[in-house]
Trainee: 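Sharing a structure, written as structure tokens. Questions coming.
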Amino acid sequence: MASMQEQNWDLESGDCIQKETSSSSQTPSSSILSSSFLRRRPNQERPPVGMFKQFLNNLRLVFLGTKLCVLIPAIPLAILGQCYGFMTRWIFALSLLGLAPLAERMSFLTEQIAYFTGPTVGGLLNATCGNATELILALFALRERKILVLKYSLLGSVLSNLLLVLGSSLFLGGLANLKMEQTFDRKQADVNSLLLLLGLLCHVLPLIFGNSIEPQLLDDMDQNSVVWLSRTSGILMLVAYGAYLFFQLRTHRQFFEAEGEDEDELSENEAVIGFWSAFIWLVAMTIIVAILSEYVVGTIEAASDSWKISVSFISLILLPIVGNAAEHAGSVIFALKNKLDITLGVALGSATQISMFVVPVSVIVAWTMGIPMDLDFGLLETSCLGFSIILTAFTLQDGNSHYIKGVVLCLSYAVIAACFFFHKMPADPTKAGM
């Protein structure tokens with residue numbers, strides 16, 4: 001047909017509706033396409049009519065619409081293990097595996113809701129819910145006053161996105177496209193690098209402030225000053241992230257639009273589930289993520305003792321790798337297809353969101369709970385973060401890529417992983433008086 005309209009079946013009512021396709025109704029491409037290649041293509045036939053059949057169809061789309069569905073059985077097994085007193089290390093492992101498909105499915109449901117809310121609200125939903133799993137895990141760690149586990153898991157998510165996700169994508173993408181030049185738009189990388197450097201400054205200043213005072217002269221007032229400096233920095237980080245969202249979604253959307261997208265790829269990414277169905281499933285997924293996050297936080301020390309692996313390594317390496325599995329796979333697939341702009345949007349966008357949104361939100365929430373959490377992550381940890389950001393910025397400065405850049409980033413992540421494999425997490429000071 002020559003008309004600009006197309007027919008879609010509304011899964012809420014079973015009726016045929018007309019939906020006008022327009023580029024202005026799409027959310028930013030990198031957020032919508034970030035993990036679409038992990039999803040099975042939905043059946044385009046007319047869905048069955050009826051409440052029960054509609055529920056079964058939505059159930060199939062939500063749980064079987066991802067290639068990570070093979071890990072979904074770990075969710076009920078983890079819950080049964082907790083109820084019937086399985087060994088804690090198996091509860092931890094099953095909960096960790098169960099979080100991987102849930103993170104991808106929450107991203108899918110958020111994108112489905114975004115189709116009905118318009119580009120601005122949809123972009124805000126993707127920006128705030130893109131790392132919902134990490135945020136929920138952080139809140140449960142706060143409730144258990146495991147501040148160091150919280151800091152290590154958030155730091156590990158940033159390092160994983162900057163070095164492992166981006167590095168493996170550049171490496172495999174470079175090997176798959178040896179005979180062509182891989183290029184990308186530097187504007188998006190520059191904006192994200194600036195925000196990451198601002199976040200690094202907010203981590204460095206509390207660290208320097210606390211170490212600029214002689215230990216014998218350090219009193220409670222000085223320690224409180226570090227906490228208040230961190231809270232002030234957290235508020236300013238949220239302001240910066242808000243400005244970044246306004247910049248991304250309103251004034252400079254073209255910086256974050258991926259180039260070279262095929263129309264058939266975009267047509268595959270249309271709403272396949274109704275608004276209220278997506279909303280209800282998103283609430284249910286959030287509850288399940290909260291349950292598994294509680295299991296992970298509660299059993300991490302027991303798993304560490306059982307496996308003879310340090311808590312710092314589990315928190316900083318294993319947790320982020322599993323949590324970023326969907327993003328990692330999607331980023332690699334786009335790099336193989338020589339779509340580096342989308343790859344950068346996935347890896348750098350997620351790292352920026354955790355650094356400038358999830359971390360300061362954790363500090364503010366800890367403030368409301370009366371927990372003295374600061375942005376001093378430690379000298380070793382902050383140094384790893386700083387070198388990772390600088391190394392990534394240098395890697396992306398010329399606007400082109402080849403596989404040796406990916407090799408350097410991946411090896412840098414391996415060095416950091418080896419460091420924390422032998423590193424023992426210090427005693428958590430916030431739990432000393434409990």
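All of these numbers come straight from a predicted model, not from anything done at the bench.
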Trainee: Give the minimum heavy-atom separation between M285 and L109, together with the two atoms involved.
Mentor: CG-CD1, 3.8 Å
Trainee: Roughly how far, to the nearest 0.5 Å, is OG of S312 from CD1 of I317?
Mentor: 9.0 Å
Trainee: Looking only at heavy atoms, what is the nearest atom pair of L336 and A176, with distance?
Mentor: CD2-CB, 3.6 Å
Trainee: Check the pair I235, W367 against side-chain contact (heavy atoms from CB on, under 4.5 Å), reporting the backbone distance first and the verdict last.
Mentor: CA-CA 11 Å; I235 295 174; W367 183 9; 4.2 Å; yes
Trainee: Is there a donor-acceptor contact under 3.5 Å from the side chain of T286 to the main chain of L282?
Mentor: yes
Trainee: Short question: side chain of E144, backbone of G298 - any donor-acceptor pair under 3.5 Å?
Mentor: no
Trainee: Going from CD on Q82 to CD on E294, what distance comes out if it is rounded to the nearest 0.5 angstrom?
Mentor: 7.5 Å
Trainee: Just verifying a value: how many Å separate E381 CD and L155 CG, rounded to the nearest 0.5 Å?
Mentor: 7.0 Å
Trainee: Please identify each residue that fulfils side-chain contact (heavy atoms from CB on, under 4.5 Å) with V283, with sequence neighbours left out.
Mentor: F279, I287
Trainee: Determine whether V297 and V149 satisfy the following criterion, side-chain contact (heavy atoms from CB on, under 4.5 Å), listing intermediate values before the conclusion.
Mentor: CA-CA 8 Å; V297 172; V149 172; 5.6 Å; no
Trainee: Using ring centroids (six-membered ring only for Trp), state whether F313 and W307 fall under 6.0 Å.
Mentor: no
Trainee: Check whether S153 reaches the backbone of L150 with its side chain - one donor and one acceptor, N or O, closer than 3.5 Å.
Mentor: yes
Trainee: Looking at OG of S401 and CG of L170, how far apart are the two atoms once the value is rounded to the nearest 0.5 Å?
Mentor: 4.0 Å
Trainee: Report yes if the side chains of L348 and Q188 come closer than 4.5 Å at any heavy-atom pair, otherwise no.
Mentor: no
Trainee: Pairs in or reaching into residues 372-413: which pass ring pair (Phe, Tyr, Trp, His ring centres under 6.0 Å), with residues at least two apart or in two chains?
Mentor: H203-F377
Trainee: Is there a side-chain contact between S233 and L205, using heavy atoms and a 4.5 Å cut-off?
Mentor: no
Trainee: Please give me the minimum heavy-atom distance between N177 and N338, naming the atom from each residue.
Mentor: OD1-CB, 3.8 Å
Trainee: Side chain of S95, backbone of I91: donor and acceptor closer than 3.5 Å?
Mentor: yes
Trainee: In the structure I gave you, are the side-chain heavy atoms of L245 and Q248 within less than 4.5 Å of one another anywhere?
Mentor: yes
Trainee: Any non-hydrogen side-chain atom of M237 less than 4.5 Å from a side-chain atom of L198?
Mentor: no
Trainee: Rounded at 0.5 Å granularity, tell me how far OG1 in T183 sits from CG in L340.
Mentor: 7.5 Å
Trainee: Look only at the side chain of S355 and the backbone of A351, and say whether a donor-acceptor pair between them is shorter than 3.5 Å.
Mentor: no
Trainee: Using every non-hydrogen atom in the two residues, find where I354 and N161 come nearest and quote the distance to one decimal.
Mentor: CD1-ND2, 4.2 Å
Trainee: Which heavy atom of P76 sits nearest to which heavy atom of I72, and what is that distance?
Mentor: CD-O, 3.2 Å
Trainee: Restricting to ring-ring contact (aromatic ring centres under 6.0 Å, His included), what partner residues turn up for F171, sequence neighbours left out?
Mentor: none
Trainee: Less than 4.0 Å between a side-chain N and a carboxylate O, is that true for K187 and D341?
Mentor: no
Trainee: Taking all non-hydrogen atoms of both residues into account, name the closest pair between S160 and P320 and its distance.
Mentor: CB-CB, 4.0 Å
Trainee: State, with a plain yes or no, whether a side-chain heavy atom of V363 is found less than 4.5 Å away from one of D374.
Mentor: no
Trainee: Given 3.5 Å as the limit, does a donor-acceptor pair link the side chain of S331 with the main chain of H328, or not?
Mentor: no
Trainee: Just by distance, do the side chain of S350 and the backbone of A347 share a donor-acceptor pair under 3.5 Å?
Mentor: no
Trainee: Verify, without hydrogens or angle tests, whether T232 (side chain) and W228 (backbone) share a donor-acceptor contact under 3.5 angstrom.
Mentor: yes
Trainee: Is there a donor-acceptor contact under 3.5 Å from the side chain of T299 to the main chain of R89?
Mentor: no
Trainee: Test C384 against F420 for side-chain contact (heavy atoms from CB on, under 4.5 Å), laying out the working first.
Mentor: CA-CA 11 Å; C384 291; F420 284 94; 3.9 Å; yes
Trainee: Less than 6.0 angstrom separating the ring centers of Y241 and Y244, yes or no?
Mentor: yes
Trainee: Among T395, L391, L163, find the one that has a side chain to side chain contact (heavy atoms under 4.5 Å, CB included) with V408.
Mentor: L391
Trainee: Is there a donor-acceptor contact under 3.5 Å linking the side chains of S310 and H423?
Mentor: no
Trainee: Evaluate the side-chain proximity of V407 to I404: yes if any heavy-atom separation is below 4.5 Å, no if none is.
Mentor: yes
Trainee: Treating K151 as the side-chain partner and D376 as the backbone partner, does any N or O pair qualify as donor plus acceptor under 3.5 Å?
Mentor: yes
Trainee: To the nearest 0.5 angstrom, please state how far the CZ atom of F140 sits from the CD1 atom of I291.
Mentor: 8.0 Å
Trainee: Measure the shortest side-chain to side-chain distance between V311 and Y152 over non-hydrogen atoms and say whether it is less than 4.5 angstrom.
Mentor: no
Trainee: Are any of the side-chain heavy atoms of C202 and L236 separated by less than 4.5 Å?
Mentor: no
Trainee: Show, in sequence, the C-alpha distance, side-chain angles and deciding distance for F334 and S169, and conclude whether the side-chain contact (heavy atoms from CB on, under 4.5 Å) test is met.
Mentor: CA-CA 8 Å; F334 283 116; S169 299; over 6 Å; no
